[in-house]
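Since this is a predicted model, take the numbers as computed values, not measurements. Just so it is clear: chains get the letters A, B, ... in the order the sequence lines come, proteins before strands, and each one is counted from 1.
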Protein chains: 2
Amino acid sequence: MTAQRRVVAEVLGGEHVHFTADEVLERATARLPEISRATVYNTLGELVSLGEVIEVATDGRAKRYDPNAHHPHQHLICSGCGAIRDVHPGGDPLAELPASERFGFTVSGVEVTYRGLCPDCARA
Amino acid sequence: MTAQRRVVAEVLGGEHVHFTADEVLERATARLPEISRATVYNTLGELVSLGEVIEVATDGRAKRYDPNAHHPHQHLICSGCGAIRDVHPGGDPLAELPASERFGFTVSGVEVTYRGLCPDCARA
DNA sequence: GTATTGACTTGGACTTCGTCCATCGTAGGA
DNA sequence: TCCTACGATGGACGAAGTCCAAGTCAATAC
């Protein structure tokens with residue numbers, strides 16, 4: 001655990017943040033000015049493979065990193081401004097995929113992404 | 001309808017292809033050697049906004065284009081090789097999101113992406 | 001105490017994917 | 001025939017992310 005890794009982990013400390021790698025870098029730089037971009041990417045990658053952080057792909061734009069990895073949830077993304085909210089739909093989407101629709105795949109997970117407009121963007 | 005657009009539409013003619021923009025360009029070039037990358041992107045963008053083709057974001061890599069836009073379906077993606085299959089789960093994921101979890105958003109759609117390993121990658 | 005080792009970090013080059021823009025060509029109308 | 005406008009072209013550009021050689025640092029070995 002180096003200072004750099006601690007800073008990256010701290011930046012992702014909140015439960016409800018969804019930062020891009022650049023935003024993480026920006027905030028990490030504020031605390032540790034000499035941290036490099038490669039280190040931020042390396043550390044984020046490790047946190048993801050440790051299962052501490054979830055990568056959220058938001059359609060062409062930069063990936064976002066979600067530290068709320070221990071509570072299963074899905075995402076609701078605003079098509080206007082890109083804002084993300086964690087949501088908790090009912091039902092188990094994995095159970096909805098019958099074996100006949102699995103084509104021999106070993107299915108390990110499922111992501112559900114709701115899209116729409118947030119109240120601010122809907123008004124505009 | 002120009003020759004270039006016809007070629008792009010033809011390349012996406014099959015019901016079960018999921019090409020990247022580069023693969024579309026490659027196949028279009030085979031039929032019309034002087035077609036340019038910008039034209040392929042323009043045409044794909046128009047097909048998407050016409051609702052004839054769906055954009056599939058596959059996790060950091062290049063977007064894929066799915067001509068099977070008129071039959072609602074979801075995707076099963078191999079984490080190993082990136083292969084995509086169309087799948088048809090039961091249930092309606094939109095209905096699973098109660099109003100209390102919508103945070104005032106105008107929810108317009110939902111994507112469900114199953115992830116796993118295809119038989120070939122699982123064997124390796 | 002010094003040398004060695006290995007893990008981590010750095011910064012810059014590089015790649016990939018995609019967009020933008022000035023210019024060119026061509027088909028159809030005046 | 002000439003004009004006009006739309007679409008195509010290709011090259012420059014930009015964002016996001018990866019790679020790599022070199023540097024730093026701490027722990028272990030001698």
Side-chain angles (χ1 to χ4, degrees), chain A residues 1-12 17-50 52-66 75 77 79-84 113, chain B residues 1-12 17-50 52-66 75 77 79-84 113:
Chain A
M1 173 62 80
T2 64
Q4 288 83 353
R5 295 188 184 197
R6 188 163 9 88
V7 165
V8 170
E10 280 172 15
V11 166
L12 286 174
V17 298
H18 299 91
F19 291 144
T20 64
D22 258 16
E23 287 165 347
V24 173
L25 173 59
E26 187 184 316
R27 284 164 174 75
T29 302
R31 306 187 194 197
L32 192 63
E34 70 276 21
I35 197 170
S36 84
R37 205 151 54 94
T39 298
V40 169
Y41 275 104
N42 284 343
T43 306
L44 287 173
E46 279 164 32
L47 289 171
V48 168
S49 59
L50 286 173
E52 294 294 321
V53 164
I54 293 172
E55 245 180 29
V56 186
T58 66
D59 202 45
R61 301 191 224 176
K63 290 177 198 163
R64 290 176 178 273
Y65 293 87
D66 181 349
H75 292 109
I77 301 185
S79 308
C81 62
I84 304 185
T113 304
Chain B
M1 174 62 79
T2 65
Q4 288 82 352
R5 297 188 183 196
R6 187 162 11 86
V7 165
V8 170
E10 281 171 15
V11 166
L12 286 174
V17 298
H18 298 92
F19 291 145
T20 64
D22 258 17
E23 287 166 349
V24 173
L25 173 59
E26 186 185 317
R27 284 165 173 75
T29 301
R31 306 188 193 196
L32 193 63
E34 69 277 20
I35 198 170
S36 83
R37 207 150 53 95
T39 298
V40 170
Y41 275 105
N42 286 342
T43 307
L44 288 174
E46 279 163 32
L47 290 171
V48 169
S49 58
L50 287 173
E52 295 294 322
V53 164
I54 293 173
E55 246 180 28
V56 186
T58 66
D59 202 46
R61 301 192 226 177
K63 288 178 198 163
R64 291 175 177 274
Y65 293 87
D66 180 350
H75 292 110
I77 301 185
S79 309
C81 62
I84 303 186
T113 305

*Could you tell me whether the phosphate oxygens of dA7(C), OP1 or OP2, come under 4.0 Å of any side-chain nitrogen or oxygen in T2(A)?*
no
*Phosphate contact (dT10(C) OP1 or OP2) by T39(A) side-chain N/O below 4.0 Å*: yes
*Between atom CE in M1(A) and atom C1' in dA7(C), what is the gap in whole Å?*
15 Å
*Starting at atom CG of L25(A), determine the distance to atom P of dG11(C), rounded to an integer number of angstrom.*
11 Å
*Is there side-chain contact between F19(A) and R64(A), with at least one heavy-atom pair below 4.5 Å?*
no
*asked:* Quick check: do T113(A) and V56(A) have side-chain heavy atoms less than 4.5 Å from each other?
replied: no
*Which of these, L32(B), T39(B), I35(B), V53(B), sits in a side-chain contact (heavy atoms from CB on, under 4.5 Å) with V8(B)?*
I35(B)
*asked:* Can you list everything that forms a ring-ring contact (aromatic ring centres under 6.0 Å, His included) with H18(A)? Sequence neighbours excluded, please.
replied: H75(A)
*Go through the steps for L12(A) and L44(A) under the test side chain to side chain contact (heavy atoms under 4.5 Å, CB included), then give the verdict.*
CA-CA 10 Å; L12(A) 286 174; L44(A) 287 173; 3.6 Å; yes
_Testing the basics here: between A21(A) and V40(A), what is the closest heavy-atom pair and its distance to 0.1 Å?_
O-CG1, 4.1 Å
*Atom CG in L47(A), atom CD1 in I54(A): separation rounded to 0.5 Å?*
12.0 Å
*asked:* Just verifying a value: how many Å separate I77(A) CD1 and R61(A) CZ, rounded to the nearest 0.5 Å?
replied: 9.0 Å
Under-3.5 Å N/O pairs linking protein and nucleotides 23-28 of chain C:
none

_Where chain B begins and ends its contact with DNA chain D, read 5' to 3' at 4.0 Å from heavy atoms_ = dG7(D) to dA12(D)
Please list, pair by pair, any protein nitrogen or oxygen found under 3.5 Å from a nitrogen or oxygen in nucleotides 18-22 of chain C.
from	atom 1	to	atom 2	distance (Å)
dG18(C)	OP1	K63(B)	N	3.0
dG18(C)	OP2	Y41(B)	OH	3.0
dG18(C)	N7	R37(B)	NH1	2.9
dG18(C)	O6	R37(B)	NH2	3.3

*Looking at residues at least two apart in the chain, or sitting in another chain, which of them share a side chain to side chain donor-acceptor pair (under 3.5 Å) with E46(A)?*
R5(A)
With a 3.5 Å cut-off and sequence neighbours excluded, list the donor-acceptor pairs that the side chains of residues 22-31 of chain B form with protein atoms.
from	atom 1	to	atom 2	distance (Å)
E23(B)	OE1	T20(B)	N	2.9
T29(B)	OG1	L25(B)	O	2.7
R31(B)	NH1	E10(B)	OE1	2.9

